[in-house]
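This is a predicted model, so every value here is computed, not measured.
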Amino acid sequence: MSSDHHTPTKDPPDCPSSSSINHKQLLPSQPQPQQPPSRYESQKRRDWNTFIQYLKSQNPPLMMSQFDYTHVLSFLGYLDQFGKTKVHHQACVFFGQPDPPGPCTCPLKQAWGSLDALIGRLRAAYEEHGGGSPDTNPFANGSIRVHLREVRESQAKARGIPYRKKKRRKIRNDGVVARKDVANSSTHNQSST
């Protein structure tokens, strides 16, 4: 009884068959495709490009080597027009109310937390783009920190939502990260207006 059925032979373990060879192994070493940038890196790049565009839109246009902390402060003011956080004026009947019962004409501004994160990313981007030492970084200037503190305090008063500073994360002996609020955490998760 003859059989036309062909039984494949096994290759010896030290000699893989041509069908099992990874073709990338045959080519000279090529650089591996780069991982896409992290969300933080992507946002940092977008923020930096936005800031550079802002400098170029000034009259006269500014170069990276020409700006200082005053331009950073004016950039933060410029960004308020794109804000989504209602900040009540002191004369507003809803000043200090976390959940106002009706609409008002008070402006929308950038939230303090967004500005704080933005400055952190721009500070890092400035140093990455050859801006110089951290001591001369306009984004790390004391006036920027004072401005951010004033924005935080004024928004907390205007919106009636006190700012609660969180303690830094501490790593316990078992490797678990623990974080505690300074204030009562049950009131911390209120919805924002």
Side-chain angles (χ1 to χ4, degrees), residues 37-62 64 66-126 129 131 137-169 177-193:
S38 68
R39 183 175 176 209
Y40 171 81
E41 291 295 328
S42 296
Q43 187 64 52
K44 184 169 60 172
R45 186 176 340 115
R46 278 193 301 272
D47 293 341
W48 182 252
N49 290 338
T50 301
F51 181 71
I52 295 301
Q53 276 305 122
Y54 172 78
L55 291 179
K56 289 178 181 177
S57 71
Q58 298 303 293
N59 193 6
L62 295 170
M64 188 178 124
Q66 298 173 310
F67 81 92
D68 62 18
Y69 75 93
T70 60
H71 299 103
V72 176
L73 290 173
S74 65
F75 176 65
L76 295 178
Y78 160 79
L79 290 177
D80 272 341
Q81 67 183 312
F82 307 110
K84 297 177 185 171
T85 301
K86 179 72 78 170
V87 180
H88 302 288
H89 293 294
Q90 282 189 322
C92 178
V93 295
F94 301 131
F95 181 82
Q97 294 184 24
D99 296 313
C104 67
T105 59
C106 293
L108 294 173
K109 295 188 173 192
Q110 290 288 336
W112 166 79
S114 299
L115 294 177
D116 187 50
L118 170 72
I119 290 299
R121 290 188 300 267
L122 288 174
R123 183 172 43 228
Y126 178 82
H129 287 88
N137 188 332
F139 298 102
N141 186 283
S143 297
I144 304 298
R145 288 192 297 275
V146 168
H147 175 76
L148 289 174
R149 187 180 319 118
E150 290 171 354
V151 168
R152 181 187 71 208
E153 291 169 359
S154 68
Q155 287 186 5
K157 287 179 187 174
R159 300 183 69 225
I161 301 172
Y163 169 71
R164 290 177 177 85
K165 187 172 184 173
K166 294 181 179 179
K167 290 184 178 180
R168 292 191 180 254
R169 293 179 180 207
V177 175
R179 181 175 62 181
K180 296 179 182 177
D181 286 343
V182 172
N184 185 353
S185 62
S186 64
T187 60
H188 179 66
N189 294 328
Q190 295 176 349
S191 62
S192 61
T193 308

- Task: Determine whether H71 and P138 make a side-chain contact, defined as any pair of heavy atoms from C-beta on separated by less than 4.5 Å.
- Result: no
- Please test L118 against F51 for side chain to side chain contact (heavy atoms under 4.5 Å, CB included), starting from the C-alpha separation and ending with a verdict. CA-CA 10 Å; L118 170 72; F51 181 71; over 6 Å; no
- H89 and F95: CA distance, side-chain angles, deciding distance, side chain to side chain contact (heavy atoms under 4.5 Å, CB included) verdict: CA-CA 6 Å; H89 293 294; F95 181 82; 6.0 Å; no
- Gap separating the NZ atom of K86 from the SG atom of C92, nearest 0.5 angstrom: 8.0 Å
- Task: Please confirm whether the backbone N or O of Y40 pairs with a side-chain atom of Q43, one donor and one acceptor, at under 3.5 Å?
- Result: no
- Message: For a side chain to side chain contact (heavy atoms under 4.5 Å, CB included) check, start with the C-alpha distance between N141 and D68, then their side-chain angles and the critical distance, and finish with the verdict.
- Response: CA-CA 9 Å; N141 186 283; D68 62 18; over 6 Å; no
Name every donor-acceptor pair, under 3.5 Å, that has one atom in a side chain of residues 52-61 and the other anywhere in the protein, sequence neighbours excluded.
unit_1, atom_1, unit_2, atom_2, d
Y54, OH, S74, OG, 2.9
S57, OG, Y54, O, 2.7
Q58, NE2, Y54, O, 3.2

- Query: Is a side-chain N or O of Q110 found less than 3.5 angstrom from the main chain of Y78, in a donor-acceptor match?
  - Reply: no
- Message: Test side chain to side chain contact (heavy atoms under 4.5 Å, CB included) on F139 and I144; report intermediate values, then the result.
- Response: CA-CA 7 Å; F139 298 102; I144 304 298; 5.8 Å; no
- Got a donor-acceptor contact below 3.5 angstrom from the K157 side chain to the Q90 backbone? no
- Message: Would you compute the distance between atom OG1 of T50 and atom CZ of F75 and round it to the nearest 0.5 angstrom?
- Response: 6.0 Å
- Message: Just so I know, are the side chains of L76 and I119 near enough to count as touching, which here means a heavy-atom distance under 4.5 Å?
- Response: yes
- Message: Quick check against the 3.5 Å criterion: does R159 have a side-chain atom that pairs as donor or acceptor with the backbone of V87?
- Response: no
- Task: Of all the heavy-atom pairs spanning P103 and F94, show the shortest one and how long it is.
- Result: O-CE1, 3.4 Å
- With a 4.5 Å limit on heavy-atom distance, are the side chains of K84 and S114 in contact? no
- Distance, nearest 0.5 Å, that separates OG of S143 from CG of L148: 11.0 Å
- Query: Looking at CZ of R121 and CG of D47, how far apart are the two atoms once the value is rounded to the nearest 0.5 Å?
  - Reply: 4.0 Å
- Query: About how many Å separate CD of Q81 and CG of L108, when rounded to the nearest 0.5 Å?
  - Reply: 12.0 Å
- Between K109 and D80 the two heavy atoms that sit nearest each other are CB-OD1, 3.6 Å
